[in-house]
Amino acid sequence: MKTQLRTQREHIIFNLYQKDIFQSVGQPFESSLDEDEFKIYSDVIKHIDMINDMIESQLFNYTLNRISFVDRAIIRYATYEFMFTETPVQVVIDEAIEITKEYTNLDDEKQHKFTNKLLDNIAKSVRE
């Protein structure tokens with residue numbers, strides 16, 4: 001059973017994903033989030049350059065644009081939580097990994113392991 005916070009995270013991540021897709025083809029995007037979710041989503045968008053820079057700083061021989069749209073949205077939101085909330089690191093990582101497993105894993109566990117390692121590095125960089 002999904003918690004209310006997990007559902008909220010997913011809604012925000014889905015909107016980040018959709019905005020990224022729409023931007024990639026030069027189209028405007030209108031969010032369909034409720035007021036509370038929209039506040040968080042807007043804050044993520046407001047800080048997206050800082051978030052992207054933090055992610056890029058922890059990628060080695062890889063670029064942010066090589067990460068799939070869905071995984072990029074998950075990683076961006078988790079990075080936002082590290083940088084701008086007091087949510088415990090392990091909660092952020094666990095939630096991101098569970099969402100990754102549900103939506104992007106291809107039965108080989110590579111993606112959630114990649115995401116886990118990347119988020120662990122980002123968390124150490126942000127919270128230390």
Side-chain angles (χ1 to χ4, degrees):
M1 184 174 153
K2 290 184 185 179
T3 66
Q4 183 177 356
L5 284 176
R6 165 70 67 81
T7 301
Q8 181 183 52
R9 275 186 180 92
E10 288 180 356
H11 289 170
I12 294 165
I13 287 167
F14 294 160
N15 276 259
L16 291 171
Y17 159 77
Q18 290 174 329
K19 180 173 178 53
D20 208 8
I21 293 276
F22 275 69
Q23 280 185 323
S24 74
V25 295
Q27 297 295 314
F29 173 71
E30 292 284 331
S31 172
S32 60
L33 297 169
D34 70 29
E35 187 176 334
D36 291 334
E37 293 169 344
F38 187 77
K39 280 181 176 175
I40 298 167
Y41 166 81
S42 295
D43 203 38
V44 174
I45 298 304
K46 177 175 137 186
H47 295 99
I48 200 72
D49 290 335
M50 288 174 58
I51 292 165
N52 288 344
D53 289 345
M54 176 53 66
I55 297 167
E56 288 276 358
S57 76
Q58 298 304 314
L59 290 171
F60 303 100
N61 297 320
Y62 218 78
T63 64
L64 187 58
N65 288 334
R66 284 188 58 199
I67 299 172
S68 77
F69 285 101
V70 176
D71 292 313
R72 193 164 48 226
I74 294 166
I75 293 165
R76 280 176 169 157
Y77 188 68
T79 302
Y80 167 82
E81 286 193 293
F82 293 143
M83 295 174 76
F84 299 101
T85 74
E86 297 298 319
T87 308
V89 166
Q90 201 53 53
V91 171
V92 174
I93 292 174
D94 288 348
E95 287 286 301
I97 297 310
E98 289 305 312
I99 294 168
T100 299
K101 285 179 180 179
E102 185 171 347
Y103 294 102
T104 71
N105 246 10
L106 300 173
D107 295 328
D108 60 5
E109 298 186 2
K110 286 182 183 177
Q111 188 55 49
H112 83 263
K113 288 179 181 180
F114 171 85
T115 299
N116 190 20
K117 178 143 181 64
L118 177 58
L119 291 179
D120 187 51
N121 290 340
I122 292 169
K124 287 175 184 171
S125 178
V126 170
R127 298 269 175 110
E128 287 186 344

Checklist line | Whether Ser42 side chain and Phe38 backbone form a donor-acceptor pair below 3.5 Å | finding: yes
Item checked: Separation between CD1 of Ile45 and CZ of Arg76, rounded to the nearest 0.5 Å -> 7.5 Å
Check: Partners of Lys113 by side-chain contact (heavy atoms from CB on, under 4.5 Å), sequence neighbours excluded?
Finding: Glu109
Check: When you look at Met83 and His47, which way does the side chain to side chain contact (heavy atoms under 4.5 Å, CB included) test go after all the steps?
Finding: CA-CA 10 Å; Met83 295 174 76; His47 295 99; over 6 Å; no
Next item on the list: Answer with yes or no whether the hydrophobic clustering places Leu33 together with Leu5; edges join I, L, V, M, F, W, Y residues whose side-chain heavy atoms lie under 4.5 Å apart.
Entry: no
Check: What distance do Ile51 atom CD1 and Ile75 atom CD1 have between them, rounded to the nearest 0.5 Å?
Finding: 12.5 Å
Notebook entry, point to check: Can you name the side-chain contact (heavy atoms from CB on, under 4.5 Å) partners of Asp49, sequence neighbours left out?
Noted result: none
Margin query: The criterion is side-chain hydrogen bond (donor to acceptor under 3.5 Å, both in side chains); which residues satisfy it with Tyr80, sequence neighbours excluded?
Written below: Asp43
Note to self: If you compare all heavy atoms of Phe22 against all heavy atoms of Pro28, which two are closest, and at what distance to 0.1 Å?
What the structure shows: CD2-O, 3.0 Å
Note to self: Surrounding CZ of Phe84 (heavy atoms of other residues, nucleotides or ligands, distance under 6.0 Å), is the total greater than 12?
What the structure shows: yes
Next item on the list: Test Ile93 against Phe82 for side chain to side chain contact (heavy atoms under 4.5 Å, CB included), laying out the working first.
Entry: CA-CA 9 Å; Ile93 292 174; Phe82 293 143; 3.7 Å; yes
Notebook entry, point to check: At their closest point, which heavy atom of Thr100 faces which heavy atom of Gln111, and how far apart are they?
Noted result: CG2-CG, 3.8 Å
Item checked: Residues which pass side-chain hydrogen bond (donor to acceptor under 3.5 Å, both in side chains) with Ser68, listed by chain and number, not counting sequence neighbours -> Asp71
Notebook entry, point to check: Near Tyr41 OH, under 6.0 Å, is it more than 12 heavy atoms from other residues, nucleotides or ligands?
Noted result: yes
Check: Looking only at heavy atoms, which two atoms of Leu64 and Leu59 are closest? And how far apart?
Finding: N-CD1, 3.5 Å
Checklist line | Interatomic distance, Leu118 atom CG to Ile67 atom CD1 [nearest 0.5 angstrom] | finding: 6.0 Å
Check: Does Glu56 have any salt bridge (charged side-chain N to carboxylate O under 4.0 Å, His left out) partners at least two apart in sequence or in another chain, and if so, which?
Finding: none
Check: Who are the side-chain contact (heavy atoms from CB on, under 4.5 Å) partners of Asp53, not counting sequence neighbours?
Finding: none
Margin query: Taking side-chain hydrogen bond (donor to acceptor under 3.5 Å, both in side chains) as the cut-off, I'd like each qualifying pair that reaches into residues 25-36, sequence neighbours left out, listed once.
Written below: Asn15-Ser31
Check: Quick one: CD1 on Ile55 to CD1 on Ile48, what's the gap to the nearest 0.5 Å?
Finding: 7.0 Å
Checklist line | Joint cluster assignment, Phe29 & Tyr77, ILVMFWY side-chain distance < 4.5 Å | finding: yes
Check: To the nearest 0.5 Å, how far apart are CD in Glu10 and CD1 in Ile99?
Finding: 5.0 Å
Checklist line | All ring-ring contact (aromatic ring centres under 6.0 Å, His included) counterparts of Phe14, not counting sequence neighbours | finding: Tyr103
Check: Would a hydrophobic clustering, with Ile, Leu, Val, Met, Phe, Trp and Tyr connected at side-chain separations under 4.5 Å, put Ile40 with Val91?
Finding: no
Item checked: Residues in side-chain contact (heavy atoms from CB on, under 4.5 Å) contact with Asp94, at least two apart in sequence or another chain -> Gln90
Notebook entry, point to check: Could you give the distance from CG (Asp120) to OG (Ser125), rounded to the nearest 0.5 Å?
Noted result: 11.5 Å
Notebook entry, point to check: So, do Ile74 and Leu16 sit near enough that their side-chain heavy atoms are less than 4.5 Å apart?
Noted result: no
Item checked: side chain to side chain contact (heavy atoms under 4.5 Å, CB included) assessment of Leu119 paired with Thr79 -> CA-CA 7 Å; Leu119 291 179; Thr79 302; 4.2 Å; yes
Check: Considering residues at least two apart in sequence or located in another chain, which fulfil the side-chain hydrogen bond (donor to acceptor under 3.5 Å, both in side chains) criterion with Gln23?
Finding: none
Checklist line | Residues that Arg9 engages under salt bridge (charged side-chain N to carboxylate O under 4.0 Å, His left out), provided they are two or more places apart | finding: Glu81, Glu95
Notebook entry, point to check: Which pairs, with at least one residue in residues 106-128 and sequence neighbours excluded, count as a ring-ring contact (aromatic ring centres under 6.0 Å, His included)?
Noted result: Tyr62-Phe114
